[in-house]
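We number each residue from 1, following the sequence as shown. As the structure lists them, so they are numbered: ligands from 1, and atoms in each ligand from 1.
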Amino acid sequence: MSAEETNGRGQWKSTLGFILAASGSAIGLGNIVFFPARAYEFGGGAFYLPYFIALFLVGIPIMILEFGLGHQTRKAFPLALGTIAGKPGEFGGWWAILNATVITMYYVTILAWVVGMLFGSLGQLWEPTTDLPAFEPVNPSVYENPGGFFYNMLSSYKALLFVLFVWVANAAIVWRGARSIESAVRIFVPLMWLFMIILIIRGLTLENGSHGVMFLFNPNFEVMKDIKVWQGAFSQIFFTLSLGFGIMCAYASYLPKRSDVTNNALMTSCMNCGFEYIAGLAIFSLLFAFALVPQASTLSMMFFVVPKGIANFPAGAEFFGILFFVLLLLAGLSSSVSLVEAITSSIIDKFGAKRSTVVVAVTILGCVGSMFFAIPTVIDKGLNATGTVGLTLLDLMDHWVFYYGLMMAGLMQCLIIGWGYGAKKLRENINKRSKFRLPSWIDWQWKLVIPIILAAILIYSAVDEKGMYGANSPVEFGKALSWTCFFVWIVGIAIIAAVLTLIPGKKE
Ligand code: TRP
């Protein structure tokens, strides 16, 4: 393939390579832990309807939009939006990419803890221990393994080493762009499916395991009156499909010209939600078999509740434990590389810098950020025995970026592309090469329906916002910290985005 043909930016070797990469990005911690945690929080079956409505109404159309944008402009997000809407568009693109950078930082931190647990799974994790963590436990009896092991790791500086390890792995995978990513996902993605299927079979064949399935499918229409369920469903769809921050735009910019965008978007969405669905079955069967109750934080699901269930398996706890954490690591890595690639390609496209230099710079910067989330003193000392991990900083940044950043970015791109570029033009271009022809009403979905829905949820959430930590905050200065994070997020990111937009880029 000549450099000219690929625009000098590299290209996926095959459609399959692209689908594997895009679904590898989509399938991640969001599918295996955040989804079951959300579904549990909102009453199991009650979550499904809002979830599917969000998928069809917003998820799939935005996936097509992002794929279409990358495929047509052949540029990463900031410059792609810049070609449509000039400097304001480019600013929006950088704003989204910087939000993605924050997610990347703490996503890698969580993956680093997964690596720590994986090491633990090789033995120690399943042994009974009375070893108490460095934090002062409210109720020491709660700290049996695997919870005790996790707390010990959190409160040690070893976690920083694991952060370094995960960043080096990310850098190695994005080192040669689409080519090296494709090689990695060809191995990672099939393995993820295999491991998940093994876990499901184990879960469903546990005594009472199938009760979990009932919980997931038993609808409860009462809960749907609660707008929080809808807010949860929409943000989950954005997160799980890797939408909003231009990640899919960057991946689609490496597609050959003759690609069927609609078909690829449908396949990626279906594979992702299919995986999420079966992950839900595996996790819930385990919870019901051992009468485990997931508590407050999402991370407690992945670091205590599920491992506790696995520790209770009649046989092979070590085997299944390793399987679970390797699965999390593979799924997480194939997602984090998409974030790193989106950041890297945005910088390369704008400044024309050498890929290797940019990868090294992004890795160093990201690594410092991820380490900051993992420093034991930054993690809340008020860790308590309810299973709530007091990850104050991580929770707070997650709150702003996850609930607001994703949907704000989604809203922005619908408006810029729908009105600026022209929904009709985008649709007609996509339809030229797609077997399934997009109907004309999708124009209005992009231009009006989705923006109205997203704006409504955002406005409702903002009005209802009390900060993450209200009056009875478990953290002393919780409220102040919450608002500080808010200002750092909203002002800090805007300033950096403005600077990046205004610096002149390479000459075309
Ligand atoms: N989709 C991934 C998951 O489910 C996470 C992820 C990767 C993501 N890239 C993203 C989330 C971009 C938001 C935006 O774990």
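Shown here for Ala342 and Ala250, the closest heavy-atom pair between the two residues is CA-CB, 4.0 Å. In plain terms, the two heavy atoms of Arg427 and Leu438 that are nearest each other are CD-O, 3.7 Å.
Using a 30° and 60° split on the angle between ring planes, Phe373 and Tyr106 fall in the perpendicular class, above 60°.
Inter-residue side-chain proximity for Cys414 and Lys447 is flagged as unmet; no heavy-atom pair is nearer than 4.5 Å.
Side chains of Gln231 and Ser461: a donor-acceptor N/O pair is present below 3.5 angstrom, by distance only.
The protein residues lying under 4.0 angstrom from ligand 1, judged by non-hydrogen atoms, are Ser25, Ala26, Gly28, Leu29, Gly30, Asn31, Tyr107, Phe239, Thr240, Ser242, Leu243, Phe245, Ile247, Ser335, Ser338, Leu339, Leu406.
For the pair Ser242 (side chain) and Ser25 (backbone), a donor-acceptor distance under 3.5 Å is present.
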